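Read the structure below first, then the notes.
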Amino acid sequence: MSLLCDLQINLHSEFTFFLNQGLMSEYSGFLRNMIKQSNNKKKSHKNSIIILHIEDFPGGSDGFDLVSRFVYSNGKGISIDFSNVSILYCSSMFLEMTVKLCSSNLLLQTEKFLEGMFSWSWNDVVSCLKSCEKVFLHADSYGLVDKLVFGVLAKIAQNSDMSQVFASSPPSSSASASSLSPEIAKNRSELDKRSSSRSFSCRTSNEWWFEDMSILGPKMVEKLIKNLGVYDKNNDSLVLTRFLLHYLKTKVHNKSDNKVEYAGLADTAVQGVIFAAKTAFSCRKILWVLRVLSGFSISKESRIGLERVIGEMLDQATLDDLLIPSGGKGGFYDVDLVIRLLKVFVKHCNTVEDENVKTRVIGKLIDKYLREISPDQNLKVSKFLEVAESLPDSARDWFDGLFRAIDIYLESHQNLSSEDRTKLCRCLNYKKLTLETCKQLAKNPKIPPNIAVQALKSQQLPTLLHSREDKTRPNKISNSRKYLEAKPILVRFKGFEISEKLVDGFEDDLRMNLEMKHWNKLMDDSENICNERKSEIATRLGKYGHKHSSSSFPRLC
């Protein structure tokens with residue numbers, strides 16, 4: 001008489017099951033062959049306990065426990081439902097529980113249950129797909145994953161316009177049902193009350209299924225996308241791109257997940273964004289995509305593609321969009337990213353018609369950006385200059401905003417050397433500083449004196465020339481005669497007298513040249529020397545009856 005428990009099965013080297021050889025052999029061809037082989041090796045110990053070691057069993061101990069209860073109850077001890085059918089199907093396939101051994105074996109019962117998939121509710125299909133993840137590798141090799149994915153797509157097709165799901169082009173006016181496969185149309189049935197109420201409220205949108213499908217793991221979602229034929233570079237579906245972005249957003253803060261597993265899905269989402277960027281996504285949205293997907297190890301090609309799209313529409317960005325955290329890479333903000341985007345923008349602007357408009361918009365934005373990041377103690381002078389000098393001079397009508405950014409930077413970095421402070425000012429175009437800003441620069445103790453002198457020098461001559469060009473000819477003659485009476489020394493030199501007619505024609509030019517030479521010499525000296533020269537000149541002119549106030553001279557400090 002055989003022992004009651006003459007079969008010992010060690011599962012995954014962690015769990016042990018004591019079973020009856022004859023009973024298990026009636027349902028499992030896999031165990032029957034292993035028992036037979038073991039008995040052949042132990043002919044002298046036919047009644048001894050046989051010990052079998054099984055690795056990689058689908059469903060682990062829970063799956064094998066379900067199978068054991070099925071066998072010991074003669075196929076009536078368990079109830080097949082949506083939560084366990086995947087495990088039971090894979091376990092029966094692994095143990096070869098076919099109809100050759102038993103007319104109503106486990107494999108047959110699970111297959112019959114799965115045949116009614118198209119009559120399941122939406123929630124039941126998703127629940128079954130989720131449970132299938134526990135045995136994903138076996139289920140995929142047995143073809144079960146494809147069956148379940150097909151069932152999910154059938155449910156989506158029942159409640160969505162599949163022409164929008166599969167392609168990014170606008171759908172035709174015809175009903176989407178005409179584009180469904182015959183098998184889906186044949187198996188189409190009404191959903192239960194839960195599914196019906198949901199589909200009624202969400203029928204106008206193709207995104208009603210996003211939240212439910214977000215509970216799936218990356219391998220299952222990847223299988224879904226591959227079955228639709230839009231994986232990686234083939235992604236041209238706007239709806240699926242939006243789903244992937246929604247899905248990845250829900251996983252970005254999940255520290256327990258291995259982000260590398262999502263890399264393929266992230267690259268697929270990037271390709272979809274690039275494909276429909278200019279028609280379906282704003283600059284802010286694509287910057288958000290870059291910020292979120294960077295945590296999923298996207299490929300270098302995908303990153304470059306996103307940055308190219310963002311750079312070409314950077315003039316639509318706001319200050320908040322550009323303030324992207326660096327993630328601890330040597331500064332509070334990701335300045336290197338902004339520099340790369342600016343290079344793309346400048347290169348793209350050379351090919352568009354409204355170049356000047358876009359560059360001026362971005363010029364104001366970058367000045368605001370520099371003022372915002374200047375207090376960062378980790379921001380180096382070289383990085384500040386790299387951002388400021390990424391744009392051509394034509395991007396700024398005035399450099400006042402950039403000077404304010406420099407002033408904030410100098411105020412926040414008190415220990416800068418004189419060389420660094422001088423280097424920092426090289427991005428300024430002094431000719432594009434307003435007079436008021438130039439005065440502030442000259443008074444600023446943090447600005448090196450030589451920089452202040454250069455700025456003031458660039459201001460005086462263009463201002464003088466511009467003021468002369470604005471005068472009319474009669475006013476020039478009248479002023480010239482008054483000038484002769486007030487300052488005879490300038491037109492009578494060493495006994496030579498200039499006739500009034502000659503003065504009318506050339507005196508204004510002569511006076512202008514003399515004044516230009518005077519101011520050139522004045523600006524080349526230091527600020528203290530300039531003040532002394534002003535006082536000396538005023539004294540000399542006073543001796544000749546010239547009564548102009550000191551306010552007629554430029555203010556140097």
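From a predicted model like this one, the values you see are computed outputs, not experimental measurements. Values below: all heavy atoms of this structure, side chains included; hydrogens, waters and symmetry mates excluded.
Nearest heavy-atom pair across Lys155 and Ser119 is NZ-C, 4.3 Å. Closest approach of Ala276 to Leu238, counting heavy atoms only: CB-CD1, 4.3 Å. Across Gln377 and His413, no two heavy atoms sit closer than the pair CA-NE2, 3.8 Å. The shortest non-hydrogen separation linking Tyr89 to Leu144 is CD2-CD2, 3.8 Å. Minimum heavy-atom separation, Cys427 to Leu402: O-CD2, 3.6 Å. The minimum heavy-atom distance linking Asp212 with Ile215 is given by the pair O-CG1, 3.1 Å.
Remark: Cys283 SG to Leu341 CG distance equals 8.0 Å, nearest 0.5 Å. A distance of 6.0 Å separates CG in Leu391 from CD1 in Ile366, rounded to the nearest 0.5 Å. How far CE of Met24 is from CG of Asp6: 11.5 Å, rounded to the nearest 0.5 Å. Rounding to the nearest 0.5 Å places OG of Ser86 at 9.5 Å from NZ of Lys134. Taking CD1 from Ile54 and CZ from Phe30, the interatomic distance works out to 5.0 Å, rounded to the nearest 0.5 Å. A distance of 7.5 Å separates CG of Leu287 from CG of Leu314, quoted to the nearest 0.5 Å.
Using modelled atom types, no side-chain atom of Ser297 and backbone atom of Ala263 make a donor-acceptor pair closer than 3.5 Å. Remark: the backbone N or O of Val252 is not paired with any side-chain donor or acceptor of Tyr262 at under 3.5 angstrom. With hydrogens and angles ignored, the 3.5 Å screen pairs a side-chain donor or acceptor of Gln109 with a backbone N or O of Ser104. Between the side chain of Ser91 and the backbone N or O of Ile87, at least one donor-acceptor pair lies under 3.5 Å. Of the possible donor and acceptor atoms, one in the side chain of Ser25 sits under 3.5 Å from a partner among the backbone N and O of Gln21. Between the side chain of Arg291 and the backbone N or O of Ile324, no donor-acceptor pair lies under 3.5 Å. When atom types are taken as modelled, the side chain of Asp232 and the backbone of Gly264 share no donor-acceptor pair closer than 3.5 angstrom. For the pair Ser374 (side chain) and Leu370 (backbone), a donor-acceptor distance under 3.5 Å is present. Under a 3.5 Å cut-off, the side chain of Asn20 and the backbone N or O of Gly22 do form a donor-acceptor pair. Using a distance-only test at 3.5 Å, with no hydrogens or angles considered, a donor-acceptor pair links the side chain of His12 to the main chain of Phe57.
Taking the side chain as every heavy atom from C-beta outward, Met313 and Ser282 never approach each other to under 4.5 Å. In this structure, the side chains of Val125 and Leu148 stay at 4.5 Å or more apart for every pair of heavy atoms. Within the 4.5 Å cutoff, the side chain of Leu88 has heavy atoms near those of the Ile78 side chain. Side-chain contact between Lys383 and Tyr333 is absent, with no heavy-atom pair separated by less than 4.5 Å. When side chains are defined from C-beta on, Leu108 does not count as touching Met97, because their heavy atoms never get closer than 4.5 Å. Annotation: side chain of Phe15 is not in contact with side chain of Phe64 (no heavy-atom distance under 4.5 Å). Using a 4.5 Å heavy-atom threshold, the side chains of Leu322 and Glu372 count as separate. Residues Tyr231 and Leu240 are not in side-chain contact: their nearest non-hydrogen atoms beyond the backbone lie 4.5 Å or more apart.
Ring geometry for Phe384 against Tyr409 counts as tilted: the plane angle lies between 30° and 60°, on a 0 to 90° scale. Between Trp208 and Trp122, the angle of the ring planes goes over 60°, which puts this pair in the perpendicular group of the 30/60° scheme. Ring orientation note: the planes of His246 and Phe210 are tilted relative to one another, at an angle of 30° to 60°.
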Assess whether side chain to side chain contact (heavy atoms under 4.5 Å, CB included) is satisfied between Asn123 and Ser127, documenting all intermediate values. CA-CA 6 Å; Asn123 288 343; Ser127 176; over 6 Å; no
Do Phe150 and Phe118 pass the ring pair (Phe, Tyr, Trp, His ring centres under 6.0 Å) test, and can you show the C-alpha distance, the side-chain angles, and the key distance before you say yes or no? CA-CA 10 Å; Phe150 184 75; Phe118 293 99; 5.7 Å; yes
Residues Asp320, Thr318; criterion side chain to side chain donor-acceptor pair (under 3.5 Å); working and verdict: CA-CA 5 Å; Asp320 290 338; Thr318 64; 5.2 Å; no
What verdict does the side chain to side chain contact (heavy atoms under 4.5 Å, CB included) test give for Ile373 and Leu323, after you've listed the backbone C-alpha separation in whole Å, the side-chain angles of each residue and the deciding distance to 0.1 Å? CA-CA 8 Å; Ile373 68 173; Leu323 296 176; 4.1 Å; yes
The test is side chain to side chain contact (heavy atoms under 4.5 Å, CB included); show your working for Leu31 and Leu19 and say whether it passes. CA-CA 11 Å; Leu31 292 178; Leu19 306 165; 5.6 Å; no
Intermediate values then yes/no, side chain to side chain contact (heavy atoms under 4.5 Å, CB included), Phe94 and Val67: CA-CA 11 Å; Phe94 185 91; Val67 172; over 6 Å; no
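Remark: Glu261 does not engage Lys251 in a salt bridge, criterion side-chain N to carboxylate O under 4.0 Å. Glu222 has no carboxylate O lying under 4.0 Å from a charged side-chain N of Lys219, or vice versa, which leaves the two without a salt bridge.
For Glu211, there are no salt bridge (charged side-chain N to carboxylate O under 4.0 Å, His left out) partners at least two apart in sequence or on another chain. Contacts of Lys130 classified as salt bridge (charged side-chain N to carboxylate O under 4.0 Å, His left out), with partners at least two apart in sequence or in another chain: Glu133.
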Please output the side-chain donor-acceptor pairs of residues 135-143 that fall under 3.5 Å, not counting sequence neighbours, one pair per line with the distance.
residue	atom	partner	partner atom	Å
His138	NE2	Asp56	O	3.1
Asp140	OD1	Lys223	NZ	3.0
Ser141	OG	Leu137	O	3.3
Ser141	OG	His138	O	2.7

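Surrounding NZ of Lys147 are more than 12 heavy atoms belonging to other residues, nucleotides or ligands, all under 6.0 Å away. At most 12 non-hydrogen atoms from other residues, nucleotides or ligands lie less than 6.0 angstrom from CD of Glu301.
Asp267 and Ser302 are linked by a side-chain donor-acceptor pair at a separation below 3.5 angstrom, with hydrogens and angles left out of the test. Side-chain polar atoms of Gln8 and Thr16 form no donor-acceptor pair below 3.5 angstrom. Side-chain contact check for Ser68 and Asp65: no donor-acceptor pair (N or O, by modelled atom type) lies under 3.5 Å. Asn235 and Thr241 share a side-chain donor-acceptor pair at under 3.5 Å.
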